[in-house]
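Since the structure comes first, as structure tokens, the remarks are kept for the end.
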Amino acid sequence: MATAVRRLLPALRKSLAGTGGAGAGAARGISTERAVSAAAVVGDHTAKWMQDTSKKSPMEMISAEPPIKVEGRIAACDGRKDKSYETASLGHPIEYICLDLDRPAVCKYCGLRFVQDHHHH
């Protein structure tokens, strides 16, 4: 990632220097360099995290969760699997999910899966 950043910085500086005069381009070039550098750090951190095969990725962790059975045709997901406590600091915006399909419906925010609980008496 660091090599890619080193290759991209000259091109970014050149393209920014051509817009808004020399002073504006120089100021933008510095902030762009900082932004690209910060992105490189985040990219390096993510790459290191993904190399650790002893930990499951978030996608693997969410896929391991069984689909949540819901009575009725609509599921309401706010990202909290444990609904026993109320807090606004966890979860995501509420999403109402239609369960009319035969396969599990997936929340677009957190990936939890929901199925309609058919009661066969």
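Since this is a predicted model, take the numbers as computed values, not measurements.
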Margin query: Treating Arg113 as the side-chain partner and Glu65 as the backbone partner, does any N or O pair qualify as donor plus acceptor under 3.5 Å?
Written below: yes
Next item on the list: Give, for atom CE of Met61 and atom NZ of Lys55, the distance between the pair rounded to the nearest 0.5 Å.
Entry: 10.5 Å
Closest approach of [X] to [Y] (non-hydrogen atoms, all atoms of both residues):
X	Y	value
Glu95	Lys108	OE1-N, 3.0 Å
Ile94	Ala76	CD1-CB, 4.0 Å
Gln116	Gly72	CG-O, 3.1 Å
His92	Gly79	NE2-N, 3.1 Å

Next item on the list: For the residue pair Cys77 and Tyr109, establish whether any side-chain heavy-atom pair is separated by less than 4.5 Å.
Entry: no
Notebook entry, point to check: Quick check: are there more than 12 heavy atoms from other residues, nucleotides or ligands sitting under 6.0 Å from CG of Asp100?
Noted result: yes
Checklist line | Connected-component partners of Ile62 among ILVMFWY, side-chain separation under 4.5 Å | finding: Ile68, Val70, Ile97, Leu99, Leu112, Phe114
